Structure formats: structure tokens, C-alpha cells
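Step one of this worksheet: look at the structure below.
Source: prediction; values computed, not measured. Proteins come first, then strands; the chains are lettered A, B, ... in the order of their sequence lines, and each starts at number 1.
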Protein chains: 2
Amino acid sequence: MNKHVQWLKKNKLKVTPARMKMLDILENTEGLLPAEEIFLKLKDELPNVSLSTVYRSLEQLCNNDIVSAVNIEQKKEVHYELAHKHHAHHLICLSCGKVIHLHDCPVHGYADKMGEKHGFNITEHKLDLYGYCPACQ
Amino acid sequence: MNKHVQWLKKNKLKVTPARMKMLDILENTEGLLPAEEIFLKLKDELPNVSLSTVYRSLEQLCNNDIVSAVNIEQKKEVHYELAHKHHAHHLICLSCGKVIHLHDCPVHGYADKMGEKHGFNITEHKLDLYGYCPACQ
DNA sequence: CTCAATGCAAATCCTTTGCATACCT
DNA sequence: AGGTATGCAAAGGATTTGCATTGAG
């Protein structure tokens, strides 16, 4: 029984072809995908899937922290990725949209300090860097 | 001639009542406002304004770096604030939406390092902290 | 068998656009 | 005057929802 099946079962989600293939697609993607692109890739294997299945599945997967939704600055659609990739931050090319995952995080100490200063209980943070990749400069 | 008029003239934007009042609204707001709320506040003073004027003005103001558009994680609409407030980062309450502007930035050295490592020319970054404010905890 | 998951179409929300008119400079 | 800005209504794109059907456990 593979990892994806385990994730789904642990959260009492049914193991359906659509969900399994969506997880495969996300697993094999370096970067972020909008719902529409997940839908298109998914249709290659399941010609009858509907966009609403993609949205509903993503919602479930996000609710169970299997997938994370990311708002990319300057883009209107939400992008998705596997949650276990998301402890990282992003380096995003403003021209071609390429995304690199960064695994260092310089923010934790700062977050603690600011939380204390303003009386906030800080639960998460988002850090993304924007610029131009080697190919687009 | 006040500051807002100067900003508009410097960018060859016409000084209209709608734009002036929008800048006042943003100036007097601690935090971020979605277009719809700007529209509602604006209507108190200019009952005939239309939402499209708000969107079109915001677009102009953003293009000229007078206003910045911010994507808040987990919210679908774009939020706006005066750009000169935006050199800061945000501390956002997940419950009531309150926004505190943070003026320290722990990211610059990190951004330079990551840009160099991946060959990116980094032009901007976004850092927001999310949590619960004292009142909402 | 039972309820969650799906497909399809229609609805909704936020934002943008076309066009005629009004207004700043 | 001349072009920008505006109002109104209609269009658009992304996402959500209602309802009947299918399928996983």
C-alpha cells in the first residue's frame, strides 16, 4: 500500500482514481499547479473527469493538509502543491512562472519576536521571493 | 497643495474627486482593504461612483506605485493599501482580519543568498505572518 | 447497502471591458 | 478643445453549488 493511499485512508477519504492520479500529478511536479492545469493533466488519463471534481478533491486534500493552496502574488488563480513540500518557501520567476522550492527559512526567530511584541499567537507564515530566472533575464 | 495631489500630478493622473477620496480612505485605514469595501466607503461621499471606477483607479494607482495590491492567503479578493506603507510586512489575524504593519525585515540577506544560489535576479519579496490577535485568542 | 464522490450544468463571486457621456487641465 | 475618467451594463474567468447518478467500503 503506497504513501498516497495511506494519506487518504488516514483522513477517511475514499481512494478514488481521480484522487490517486491527482496526487501523482502533484508528486511529479516541481512547482505549483493551478486547478485548470491539474484538470488538463488528469483528463489525459481519465477523459471524463470534470473540473468540479478537481476543485472538490483539492478542497478535501487541503482540509486534510495533504495539499496546500498558495496565492501567488500577481496571479488570480490559486495554485496547489503537496503539503509536505510546503514547509519550504518559493522563488518564483515573474516572467515564466517557474517555481523553486527553498528549504531554508530565515523567519522563525523573527516570527516569534513579532508575535511576542504584538501579542499575537502566530501559527504560520508565508515567504516568497520574486524575480527573474536565469533563462528569462 | 497636499501630498495626494502631488502624487497624482507627478504621475500625470488627473485629480478627480474619486481618486482623492480613495486616497483619503486608504490613508485613514490601518490595514488592507478589498475593492468592495473601498467602494462602499467611497459611496458614502460620492453616492454615484461605480465599482468599475474603483477598480480602474486602483489599477492606475498601482501602476504608478501609489497603491499596492496584496494577495492575502486564504482570501480570494485582492486587498489594497498605500504603497508607502508597503515596504513593511504584515501580521494578519486569521480570525478578525486585523493587519499590523511590521517594519523590520529579516529577509534581505536571505533573498540575496538565494538569488545568487539559483541564478535569479530577485526584485521583490513578500513576507506575511498569520495568527490570532490578542482579542481573538 | 450506504454515504461519499462524481459529472454536468447552472449559479456565484470578483474583476474587466465596451461604449457613450462628463470632466479635468 | 482634447483626451482622460466615469457610469452603466454586459462580459469574463475562476470557483462553487444543486441534483441525479455512480462507486468505494
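- To the nearest 0.5 Å, the span separating OG1 on A:T53 from CE on A:M22 amounts to 9.0 Å.
- Between C:dT15 and B:S52, no contact under 4.0 Å exists linking OP1 or OP2 to a side-chain N or O.
- Counting non-hydrogen atoms under 4.0 angstrom, B:P17 reaches the backbone sugars and phosphates but no base.
- Regarding contacts with the backbone of D:dT16, every side-chain N or O of A:Y55 stays at 4.0 angstrom or more from both OP1 and OP2.
- Taking 4.5 Å as the limit, every side-chain heavy atom of A:K12 sits out of range of all side-chain heavy atoms of A:N64.
- The list of side-chain hydrogen bond (donor to acceptor under 3.5 Å, both in side chains) pairs with a residue in residues 126-137 of chain B, not counting sequence neighbours, reads A:E73-B:K126, B:H90-B:D128.
- Base engagement by B:K14 is indicated by at least one non-hydrogen atom pair under 4.0 Å involving a base atom.
- Nearest-nucleotide positions on DNA chain D place B:L13 closer to the 5' end than the other of A:P34 and B:L13.
- The phosphate of C:dT6 has neither OP1 nor OP2 within less than 4.0 Å of any side-chain N or O from A:R56.
- Looking at heavy-atom distances under 4.0 Å, A:Q60 makes contact with sugar-phosphate atoms alone, never a base.
- The nearest whole Å value for the distance from the NE2 atom in A:H79 to the C1' atom in D:dA14 is 12 Å.
- Across the protein-nucleic acid pair, A:L58 atom CG and D:dT15 atom C1' stand 11 Å apart, rounded to whole Å.
- If you take CD of A:E36 and P of D:dG12, they are 16 Å apart, rounded to a whole angstrom.
- Protein atom NZ of A:K21 is 12 Å distant from nucleotide atom P of C:dT6, rounded to whole Å.
- For B:T16, no side-chain nitrogen or oxygen approaches OP1 or OP2 of C:dC24 to under 4.0 Å.
- Following rounding to the nearest Å, B:E77 (CD) and D:dT16 (C1') show an atom-to-atom distance of 15 Å.
- In this structure, B:L8 places its CG atom 12 Å from C1' of C:dC24, rounding to the nearest Å.
- Taking atom CD on B:Q74 and atom P on D:dT15, their separation rounds to 14 Å, with Å as the unit.
- In the set D:dT6, C:dA5, C:dT25, the nucleotide with an atom closest to the side chain of A:R19 is C:dA5.
- Contact of the B:T16 side chain with the B:L8 side chain is not registered, since no non-hydrogen atoms from C-beta on lie closer than 4.5 Å.
- Taking only side-chain nitrogens and oxygens, B:S57 comes nearer than 4.0 Å to OP1 or OP2 of D:dT6.
- In this model, the phosphate group of D:dG7 is approached by a side-chain N or O of B:S50 to a distance below 4.0 Å at OP1 or OP2.
- Spacing between atom CG of A:N48 and atom P of C:dT6 amounts to 13 Å, rounded to whole angstrom units.
- Side-chain contact check for A:F120 versus B:I100: some heavy-atom pair is nearer than 4.5 Å.
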